[in-house]
Structure formats: structure tokens, C-alpha cells
Amino acid sequence: KNQVEQSPQSLIILEGKNCTLQCNYTVSPFSNLRWYKQDTGRGPVSLTIMTFSENTKSNGRYTATLDADTKQSSLHITASQLSDSASYICVVMNYGGSQGNLIFGKGTKLSVKP
Amino acid sequence: NAGVTQTPKFRVLKTGQSMTLLCAQDMNHEYMYWYRQDPGMGLRLIHYSVGEGTTAKGEVPDGYNVSRLKKQNFLLGLESAAPSQTSVYFCASSYEDTDTDTQYFGPGTRLTVL
């Protein structure tokens, strides 16, 4: 069964610290992996999209990595800010699938404290 | 650009009542989607549309109907609401159906069915 598992479920860090969120998937065949940020009470916003051939992709202080061999991805947040407090959702698309066939993880809830 | 907007933001229904959720996008996107988000679960696709006048079933279509009479609007209907349909509903749109196209999400509608 195609699944996306994220860890940890929740995380609390101090402002200015770095953190890394994990995503493991069993989706096969694989097309691409996306990370979304979802602020409380808002819709998800895309951070990065990585295809099979991409190992790393950055968006400001957010850096996503992908290991397609081990089916793992991580999202690293550098020098965290209070505004980084949100849920981060990992999403995987099947190869040959469509935008109507995205598999969503349950998300990691990040709280950044002053 | 307003992006993706959803109406209403909140709604409380009694079991058996009907309602329509409206999604509008001003980005000239071909593809539109309706998701539901429940606590402890990833986003799940209800229905989607690949263009004006088309609709298709997603992962959890039962109890919902949709229509796409105009390119910019995608309506989600509940004919006879049930408590199991209490959820947050998100609309999204994308320009194309390519592997790496980004989905843009609306702010969500929080629906409670009593």
C-alpha cells in the first residue's frame, strides 16, 4: 500500500535553532516528493518539489533532501523563526500518476518558542 | 490576484441538511480539487476536475457531488449532511497536470454537522 509516514508527530524548538523533519514513503513507482507548510487555520503552501533525480532543493531557510534509494526525505529548517511554527506536510506522487493522485502524510507540527 | 478563495469560512449544519461550498480561482488554472482534512489524517481527495465541464472521483467521493460549470469555479455539494462529514474542506487548483506542477490551496471551510 502506498503510504507516507512523517516523524516526529510534533516538535518544539527554541527560536534560532535548527531542526530536521523526516518523511519515509512506500510509494512505488515514484515520481516526485513535495513539502508543504500549513499555518494554523490556513491552507497548505508549497515549499519544494523534488523529482527522482534531485537530491536537494532549497527555498530560503528551508532545505529538502531526497534519497530515492532508501525512500526517505528530510526538511531542514535553519535558524528557526517564530513564523516557522506550522505543520509541515510531505506529499508523494506516483510515477505516471496525476495531480489527482497525491499521497499526503499526516504532517509534523512544529512549534518555535521565543 | 486573490488566488484561491473559498466560501463560506465556517458553517454548522444539522444532520440531513444540504449545502454547497464554493471555490473560486483567478489564476486561469485548468485543474481544481476538493480535499478534506481530518485530525490525525492526511489530506484526502474528494473530487477533482481537469477542466470546465469535467469532474472525476477521488479517494473519498461518497456523500458529495461537484460541478464545474465555469473554469474559475468548482462547487462541492453535500445533499444530506452526516456527522461523519464534519471536517475542514480545502479547495486547490493547478495550471496543468504535469508531475511537478504546484497545487495552490484556498484557506479552507470548517464544517460541523450536528
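Quick caveat, the model's predicted, so the values are computed rather than measured.
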Inset, instruction - Could you pull out the closest heavy-atom pair between B/Tyr35 and A/Leu102, with the gap in Å? - result: OH-CD1, 4.1 Å
Inset, instruction - Specify the closest pair of heavy atoms between A/Gln38 and B/Phe90, including all atoms of both residues, with the distance to one decimal. - result: NE2-CZ, 3.3 Å
Inset, instruction - Find the one option among A/Ile49, A/Val4, A/Ile89, A/Val45 whose heavy-atom pairs under 4.5 Å with chain B are most numerous. - result: A/Ile49
Inset, instruction - May I ask you to name which of A/Gly107, A/Pro44, A/Gly41 has the most heavy-atom pairs under 4.5 Å with chain B? - result: A/Pro44
For [X], is the [atom1] atom crowded, meaning more than 12 foreign heavy atoms sit under 6.0 Å from it?
| X | atom1 | answer |
| --- | --- | --- |
| A/Lys71 | NZ | yes |
| B/Arg110 | CZ | no |
| A/Lys106 | NZ | no |
| A/Gln3 | CD | yes |
| B/Tyr95 | OH | no |

Legend entry - Interchain contact, B/Glu59 with chain A, by part (heavy-atom threshold 4.5 Å): neither
Inset, instruction - Tell me, out of B/Lys9, B/His47, B/Gln37, who's got the most heavy-atom pairs with chain A below 4.5 Å. - result: B/Gln37
Legend entry - Which portion of A/Gln9 sits near chain B, non-hydrogen atoms under 4.5 angstrom: neither
Inset, instruction - To the nearest 0.5 Å, tell me how far A/Leu47 CG sits from B/Thr102 OG1. - result: 10.5 Å
Legend entry - Shared hydrophobic cluster, B/Leu43 / A/Tyr36 (ILVMFWY, side-chain heavy atoms < 4.5 Å): yes
